[in-house]
Amino acid sequence: SLPLPPPLTLSLSHPLFLSLSPASLSLSLSPDEVNTPQHSTHLYASDHLIVRRGQEFQLKVTFDPSKTCHSSCSTNPPGGSPQFSKGTYIPVSVAKDRQSPWAGRVVDSTDNVVTVGITPAPDCIVGKWRTYVAVVTPYGIRRTRRDESRDLYVLFNPWATGDSVFLDDDDEREECVLNEVGVIYHGAYDDVSERPWNFGQFDYGVLDACLFIMDKAAMPITNRGDAIKVARKASAMLNSHDDDGVLVGNWSGDYTYGVAPTSWTGSTEILLNYSSSKTPVCYAQCWVYAAVFNTFLRCLGIPARVVTNFYSAHDNDGNLKTDVILDENGRIDKHRTKDSIWNYHCWNECYMSRPDLPQGFGGWQAVDATPQETSDGMYRCGPASVQAIKHGQICFPFDAPFVFAEVNSDVVFYSRNPRDGTLEPVKVNSRHVGRMVVTKVPGQDARHDITDQYKFPEGSPEERTVLEKAEEYGCHREKATPLEADVELDMPLMEVRVGDDFELKLKFNNTSDQARTVDMYVSGNVVYYTGVTSSEFLFKTPRVILDPKKAEKQVMEVRSQDYMRKLVEQANLHFIATGKVKETGQIITSMRVVTLHTPKLSVEVGNIILHTPNSLLITAGSSLTWTEGFTPRRAGPTMLMASLDCAALRQVYGQAQLTVKP
């Protein structure tokens, strides 16, 4: 078994305390109207006092001289070995002539009640503390008995300037620490969808579940006051790959032995299941990892937010390239093209200082619990300074090169020589990957584009400097700059509902003063959101003849019957068009991800009679009304979320904003 969390021992020196025994005093250490509002912990559903370090809290000691018991108490709790030198045993004195690691003072003394103010050090250990009162008497030091009701939780404090997670922005603190509900963005960069999520960091049992995660990881108690170490350890523990962590990843589409990732709407059930069963919860994909990680960080007091990177590269070989191999005619060689680009990928940012890095690299740090690559022998990523990523300083810990590649890779098209197998770069697309990085606007249900926090504008002098800097640290990119073709190709945005027929348009523009003939290859594939192809449903080989200085449009019909039976979860269609200009041999390409729009759930809240339909079968063209009862836990604004999920149709969501009156 793991050692129990360390005790906090309070030693008092006051005239009233003389000649009293442990049984003749009591300690009041429960949530109240003074401590919890001042520490912004009033939302936690807990019977225990929860405070933040670096800020004073108050407790009351009541004396009852009628009781006379002279029994003694053990100084160490079972299973633990608290030590003053390691910061796991903290004696706090209210005497002015005695120094204490944590400041203590007598706030008030009225009759037999003494109010004591205690200020935990701003870098103290975060977790659950055992609390005692020790009294100096003529017969020696007497200490209160062990009482679990007096256990105290100490959290990180983004409101305290001395804390490493101090965030000097009221709106961002409110959003990234106290907001219990949020939005996770997915889909495509130019057709963004939203997924509501209940982080639930204040729900009953969630704080204990988050502390259990650190216990399960056997994280040294002495490291639990270091936000950097806590975030890095949690990035490993939120996935189950090598440490029986919280969530099992599954991208196969078969969720027979668990819950489909698209079914989850919140973190609470996942964390409580994990802490009670002590076994990983099935199943998760990137947004679930990011959402539950967000809950963990916010619950402990570390400011955190979920971010989404659209067209995210997965770099596992240290270069800044995603390779697409073409045959001599310009057609994609699917057998030799192994790299894939995720339509989107979610990770987290947490806010903290970085004393281990040069000045200027604190602030938002990228952390990622989705198991993609190992770091120091475990599946984890970060914390990596976002400022370091933007400026190409990828030598700094942790895992900056991986995150840098996710937003900066080039898509390089190679033409393969059939005689000797050599590859010649024929086109480099430097704008496709990392097209947009977004998160939620503090205090609003709106999208915040933070791409400029990760990278300089494409083609700018600053971007070139950053890429050169990254190369100095071992990141390799394609140096060749093939001539741009004088024929431009574009596939315009399409908004398509699941089950609709639609038109795929190819727009050509001949910028030369001569006619051009283009032999095209157009492929439509059902893909997972990770960019991995499931099946091909469309393949066309049109020849397009372009007059000088003229534009031309080609239209292809896409029928629902061709793609519906092949759809996988998240309903993504990927179209890629490649072609070879006959007169010049130049290659033209264009790619388009179409995220099929699913129906929306309509959620209404009111005082209605509870009923449940007899059948959950929804036939084509029909509707179903489901009524569910619930009891609000507290007054104030909140959100009600609903999810419909089945093998035939994933990620159908709905939500309703409501205000619960006292």
Nearest heavy atoms of [X] and [Y], plus distance in Å:
X: His48; Y: Glu148; result: CE1-O, 2.9 Å
X: Ala369; Y: Asn239; result: O-ND2, 2.9 Å
X: Pro442; Y: Glu172; result: CG-CG, 3.9 Å
X: Ala45; Y: Tyr204; result: O-CD1, 3.1 Å
X: Cys346; Y: Val306; result: CB-CG1, 4.3 Å
X: Met436; Y: Val438; result: CG-CG1, 3.5 Å

Validation row: [X], [Y] side chains within 4.5 angstrom (heavy atoms):
X: Thr119; Y: Gln55; value: no
X: Leu207; Y: Leu155; value: yes
X: Phe396; Y: Pro358; value: yes
X: Val403; Y: Ile394; value: no
X: Val165; Y: Asn157; value: no
X: Lys128; Y: Leu152; value: no
X: Phe202; Y: Leu178; value: yes
X: Pro196; Y: Val181; value: no

Is the NZ or CZ atom of [X] both under 6.0 Å from the centre of the six-membered ring of [Y] and within 45° of that ring's axis?
X: Arg435; Y: Tyr189; answer: yes
X: Arg52; Y: Trp159; answer: no
X: Lys278; Y: Phe212; answer: yes

Apply the test side chain to side chain donor-acceptor pair (under 3.5 Å) to residues Lys60 and Thr115: give CA-CA distance (whole Å), side-chain angles for both, the deciding distance (0.1 Å), then the verdict.
-> CA-CA 4 Å; Lys60 295 182 184 296; Thr115 302; 3.2 Å; yes

To the nearest 0.5 Å, what is the distance between [atom1] on [X] and [atom2] on [Y]?
X: Gln285; Y: His186; atom1: CD; atom2: NE2; value: 12.0 Å
X: Lys390; Y: Ser385; atom1: NZ; atom2: OG; value: 11.5 Å
X: Asp168; Y: Asp170; atom1: CG; atom2: CG; value: 7.5 Å
X: Ile270; Y: Tyr283; atom1: CD1; atom2: OH; value: 13.5 Å
X: Trp264; Y: Leu247; atom1: CH2; atom2: CG; value: 7.5 Å
X: Cys381; Y: Gln372; atom1: SG; atom2: CD; value: 7.5 Å

Between [X] (side chain only) and [Y] (backbone N and O only), is there a donor and an acceptor less than 3.5 Å apart?
X: Thr295; Y: Phe199; value: yes
X: Lys455; Y: Val407; value: yes
X: Asp163; Y: Phe166; value: no
X: Arg53; Y: Pro122; value: yes
X: Asp399; Y: Gly382; value: yes
X: Arg298; Y: Asn179; value: yes
X: Gln453; Y: Trp364; value: no
X: Ser460; Y: Glu463; value: yes
X: Asp242; Y: Tyr379; value: yes
X: Glu56; Y: Arg105; value: no

Show your working on salt bridge (charged side-chain N to carboxylate O under 4.0 Å, His left out) between Arg447 and Glu194 and close with a plain yes or no.
-> CA-CA 10 Å; Arg447 191 167 68 242; Glu194 300 178 357; 5.1 Å; no

Describe, in one word, how the ring planes of Phe310 and Tyr344 are oriented to each other, choosing from parallel (under 30°), tilted (30 to 60°) and perpendicular (over 60°).
-> tilted

Look at the rings of Phe402 and His314 and say which category their plane angle falls in: under 30° parallel, 30 to 60° tilted, over 60° perpendicular.
-> perpendicular

Given the rule in the side chain to side chain contact (heavy atoms under 4.5 Å, CB included) test, do Phe293 and Cys350 qualify, once you have shown the distances and angles that lead to the verdict?
-> CA-CA 10 Å; Phe293 199 177; Cys350 52; over 6 Å; no

Take atom OH in Tyr473; do more than 12 heavy atoms of anything else shown fall under 6.0 Å from it?
-> yes

Mind running ring pair (Phe, Tyr, Trp, His ring centres under 6.0 Å) on Phe361 and His391 for me, showing each step along the way?
-> CA-CA 10 Å; Phe361 293 104; His391 290 87; 7.0 Å; no

Is the closest side-chain donor-acceptor distance between Ser164 and Arg354 under 3.5 Å?
-> no

Indicate whether any N or O donor in one side chain lies under 3.5 Å from an N or O acceptor in the other, for Gln657 and Asp445.
-> yes

Tell me, with the steps shown, if Lys233 and Asp243 meet salt bridge (charged side-chain N to carboxylate O under 4.0 Å, His left out).
-> CA-CA 11 Å; Lys233 178 63 71 174; Asp243 44 22; over 6 Å; no

Go through the steps to decide whether Tyr274 and Ile213 satisfy the test side chain to side chain contact (heavy atoms under 4.5 Å, CB included), and finish with yes or no.
-> CA-CA 9 Å; Tyr274 180 69; Ile213 290 172; 4.1 Å; yes

Passing option when His345 is tested against Asp368, Thr308, Asn309 for side chain to side chain donor-acceptor pair (under 3.5 Å) = Asp368

Derivation and outcome, side chain to side chain contact (heavy atoms under 4.5 Å, CB included), residues Gln201 and Leu43 | CA-CA 9 Å; Gln201 67 265 35; Leu43 297 175; over 6 Å; no

Audit row: Leu297, Val230, side chain to side chain contact (heavy atoms under 4.5 Å, CB included) steps and yes/no | CA-CA 9 Å; Leu297 294 166; Val230 169; 5.5 Å; no

Sole residue of Tyr89, Tyr153, Phe57, Trp102 in ring pair (Phe, Tyr, Trp, His ring centres under 6.0 Å) with Trp129 = Trp102

Electrostatic pair Arg305-Glu175, nearest N-O below 4.0 angstrom | no

Stepwise side chain to side chain donor-acceptor pair (under 3.5 Å) test for Gln58 and Asp108 = CA-CA 10 Å; Gln58 296 180 8; Asp108 181 66; over 6 Å; no

